[in-house]
Amino acid sequence: MLEALRAHGREVAVVGLASSGVAATHLLREHGLAVYASDAGQGEALATRAAGLRAAGADVQLGGHDLARLARAQLVVLSPGVPPDAPPYAAAAAAGVPIVSEVDLGFTALRGTRVVGLTGTNGKTTTTSLVRDVLRAMGHADAVAAGNIGLPLAEVARAAAHPSWVALELSSFQLHDCPHVAPDVGVLTNLAPNHLDRYPTLDAYYADKRLLFRHATAASRWVTNADNADSVALVAGIPGRHLRFSTTTRADGWYDRARRLLMLDDAPLLERDRLPLLGDHNVENALAAALVGAHLGATPAAIVDALVHFVPIAHRVEPLREVDGVLWVNDSKSTNVTSTEVAVAALDRPFVLLLGGKHKGEPYTRLLPRLAGRCRAVVAYGEAAPLIRADLGTGLDVRDGGTRFADVVALARDLARAGDAVLLSPACSSFDMFTGYEQRGEAFRALVAGL
């Protein structure tokens with residue numbers, strides 16, 4: 001695609017200057033393309049990024065977008081945070097300008113790299129990291145994890161030597177504008193309601209997830225969840241071979257609960273107690289990664305080596321420390337109700353749940369069956385606190401944590417007893433109080449370290 005863009009000669013526009021937009025702009029400039037890059041925000045961090053892009057030869061605008069200029073571009077590259085109803089998107093679409101995500105641009109720029117594409121509502125980051133480690137254990141030492149996990153694919157494409165494999169985490173926002181992405185192996189971890197603050201319906205959200213399969217052929221290979229009804233329905237009829245994983249029944253990769261063994265077909269792979277991850281959801285993630293490896297020819301020994309040496313992902317059901325008999329667990333990455341359900345199920349002790357942030361459109365009532373009889377108290381905080389109290393206040397002890405995160409943690413400390421856990425699993429985005437779930441998780445980590 002880059003060669004065709006250069007031959008055409010007209011300007012390419014990049015909208016959004018977080019890490020993905022910055023990487024896309026640099027990639028385009030390094031291939032000799034004229035670039036207009038813009039971001040609606042302002043501030044010191046953006047100004048620093050803009051200075052670097054201007055030094056690379058890009059024309060940069062902060063504090064807004066020149067919609068007429070976007071409409072004249074030969075291509076618009078969008079950061080995933082720009083929704084389809086935003087004015088820059090609408091202006092480009094109305095003018096018939098092709099729109100792609102940064103991931104799509106990076107994918108077309110890679111040479112000789114094979115890709116495992118992973119999407120789903122929950123488990124994407126852990127499974128992506130597990131797949132990367134399996135690929136490395138197979139001998140692909142240069143394999144990287146990129147995409148929604150944090151490393152822009154355009155940044156990978158900028159390297160002098162491209163990796164042999166990329167484990168590519170794909171959000172629904174990225175998939176919406178990825179017309180060229182065709183993974184060698186695709187993984188769907190699960191599906192559940194999410195991002196209903198951006199999508200008009202659940203079906204619209206699932207439709208973007210289904211774009212992972214847009215280039216499916218009879219030769220395609222897919223790894224999918226046999227236990228998740230919405231996943232099963234979404235992949236029905238998609239061409240290719242489907243390898244399925246399950247923690248409830250026999251499948252291509254499955255969990256023998258009676259013997260506490262992870263299995264590949266009839267062969268035992270790994271004892272559950274050797275997997276350094278909490279919860280059945282992480283058994284699913286490990287089975288998905290194992291199936292990817294097995295399909296690509298990994299030996300069982302290589303798969304086991306990757307799984308047993310895996311370092312748990314920060315902010316995802318991450319045990320921090322035990323203080324006075326109370327285990328503090330950081331699950332800041334849980335930004336939807338389903339993800340919080342998963343985290344709660346991973347605990348084997350009573351707990352105080354920290355729930356709140358910026359509401360994403362889902363009711364919290366779905367948590368009631370998971371919390372009844374197990375949750376000592378819920379500390380509701382942030383913008384979503386009134387909704388949480390309304391949804392969970394009948395039958396549960398729901399306390400008001402306010403809008404200062406230090407007060408939230410202090411209240412949880414007072415409520416928890418020896419033998420309990422305190423679980424930060426907010427079921428909300430962080431953008432009322434923090435810049436992202438990472439900052440929220442690091443704030444929690446720092447407060448817990450000071451107990």
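Basis for what follows: all heavy atoms, side chains included, without hydrogens, waters or symmetry-related copies. Residues take their numbers from the sequence shown, with the count starting at 1.
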So among N336, T335, D197, which one has a side-chain hydrogen bond (donor to acceptor under 3.5 Å, both in side chains) with K360?
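The side-chain hydrogen bond (donor to acceptor under 3.5 Å, both in side chains) with K360 is passed solely by T335 among N336, T335, D197.
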Member of N282, T126, D331 meeting the side-chain hydrogen bond (donor to acceptor under 3.5 Å, both in side chains) criterion with R316
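Looking at N282, T126, D331, the match for R316 under the side-chain hydrogen bond (donor to acceptor under 3.5 Å, both in side chains) is D331.
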Would you confirm whether [X], through its side chain, and [Y], through its main-chain N or O, come within 3.5 Å as a donor-acceptor pair?
{"X": "W165", "Y": "D142", "value": "no"}
{"X": "R214", "Y": "C178", "value": "yes"}
{"X": "D39", "Y": "G16", "value": "no"}
{"X": "T113", "Y": "P163", "value": "yes"}
{"X": "R389", "Y": "R399", "value": "no"}
{"X": "E155", "Y": "L151", "value": "no"}
{"X": "R374", "Y": "L347", "value": "yes"}
{"X": "S79", "Y": "G81", "value": "no"}
{"X": "R417", "Y": "D414", "value": "no"}
{"X": "Q174", "Y": "S171", "value": "yes"}

What are the two closest heavy atoms between [X] and [Y], and how far apart are they?
{"X": "L135", "Y": "A143", "answer": "CB-CB, 3.8 Å"}
{"X": "A216", "Y": "I238", "answer": "CB-CG2, 3.7 Å"}
{"X": "P183", "Y": "G117", "answer": "CB-N, 3.5 Å"}
{"X": "L2", "Y": "A109", "answer": "CD1-CB, 3.6 Å"}
{"X": "L264", "Y": "A290", "answer": "CD2-CB, 4.2 Å"}
{"X": "R244", "Y": "A226", "answer": "CB-CB, 4.0 Å"}

Stepwise side chain to side chain contact (heavy atoms under 4.5 Å, CB included) check, V116 with V187:
CA-CA 7 Å; V116 179; V187 180; 4.1 Å; yes
With a 4.5 Å cut-off on side-chain heavy atoms, are [Y] and [X] touching?
{"X": "L353", "Y": "C375", "value": "yes"}
{"X": "L261", "Y": "Y255", "value": "no"}
{"X": "F245", "Y": "V223", "value": "yes"}
{"X": "S20", "Y": "V22", "value": "no"}
{"X": "V235", "Y": "H242", "value": "yes"}
{"X": "V378", "Y": "Y381", "value": "no"}
{"X": "H176", "Y": "P84", "value": "yes"}

Tell me if the centroids of the rings in [X] and [Y] come within less than 6.0 Å of each other.
{"X": "H359", "Y": "Y364", "value": "yes"}
{"X": "W222", "Y": "F213", "value": "yes"}
{"X": "F434", "Y": "F405", "value": "yes"}

Just one of V15, V100, I99, D177 clears the side-chain contact (heavy atoms from CB on, under 4.5 Å) bar with V77, so which one?
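The residue from V15, V100, I99, D177 that satisfies side-chain contact (heavy atoms from CB on, under 4.5 Å) with V77 turns out to be V100.
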Let me confirm one number: the [atom1]-[atom2] distance from [X] to [Y], rounded to the nearest 0.5 Å.
{"X": "E169", "Y": "T189", "atom1": "CD", "atom2": "OG1", "result": "9.0 Å"}
{"X": "N330", "Y": "I313", "atom1": "CG", "atom2": "CD1", "result": "12.0 Å"}
{"X": "H295", "Y": "D184", "atom1": "NE2", "atom2": "CG", "result": "8.5 Å"}
{"X": "M138", "Y": "I303", "atom1": "CE", "atom2": "CD1", "result": "8.0 Å"}
{"X": "L287", "Y": "N225", "atom1": "CG", "atom2": "CG", "result": "10.0 Å"}
{"X": "N285", "Y": "T127", "atom1": "CG", "atom2": "OG1", "result": "3.5 Å"}

Assess R198 against F173: is NZ or CZ under 6.0 Å from the centre of the six-membered ring, and within 45 degrees of the ring's axis?
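That pair qualifies as a cation-pi contact.
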Start with the C-alpha distance between Y199 and N194, add both sets of side-chain angles, then the distance that settles side chain to side chain donor-acceptor pair (under 3.5 Å), and finish with yes or no.
CA-CA 9 Å; Y199 288 97; N194 196 15; over 6 Å; no
Apply side chain to side chain donor-acceptor pair (under 3.5 Å) to the pair Y206 and T201, showing each step before the final yes or no.
CA-CA 9 Å; Y206 284 0; T201 65; over 6 Å; no
Pairing donors with acceptors under 3.5 angstrom, does anything connect the side chains of [X] and [Y]?
{"X": "R370", "Y": "T340", "answer": "no"}
{"X": "T119", "Y": "K209", "answer": "yes"}
{"X": "D227", "Y": "S246", "answer": "yes"}

Hey, what's the ring geometry for Y437 with H315, parallel, tilted or perpendicular (30° and 60° as the breaks)?
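Rings of Y437 and H315: perpendicular, as their planes differ by over 60°.
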For the residue pair F444 and W328, categorise the inter-ring angle as parallel (less than 30°), tilted (30 to 60°) or perpendicular (more than 60°).
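The arrangement is tilted - the two ring planes meet at 30° to 60°.
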NZ/NE/NH1/NH2 to OD/OE distance under 4.0 Å, [X] and [Y]:
{"X": "D280", "Y": "R257", "value": "yes"}
{"X": "E322", "Y": "R349", "value": "yes"}
{"X": "E3", "Y": "R111", "value": "yes"}
{"X": "R376", "Y": "D397", "value": "no"}
{"X": "R366", "Y": "E341", "value": "yes"}

Evaluate L105 against L27 for side chain to side chain contact (heavy atoms under 4.5 Å, CB included), listing each step before the verdict.
CA-CA 9 Å; L105 178 72; L27 178 64; 4.1 Å; yes
Show the numbers, then the answer: is there a side chain to side chain donor-acceptor pair (under 3.5 Å) between K333 and T125?
CA-CA 10 Å; K333 199 172 189 297; T125 297; 3.0 Å; yes
Please step through side chain to side chain contact (heavy atoms under 4.5 Å, CB included) for the pair L153 and F107, ending with a clear verdict.
CA-CA 7 Å; L153 195 60; F107 182 88; 4.0 Å; yes
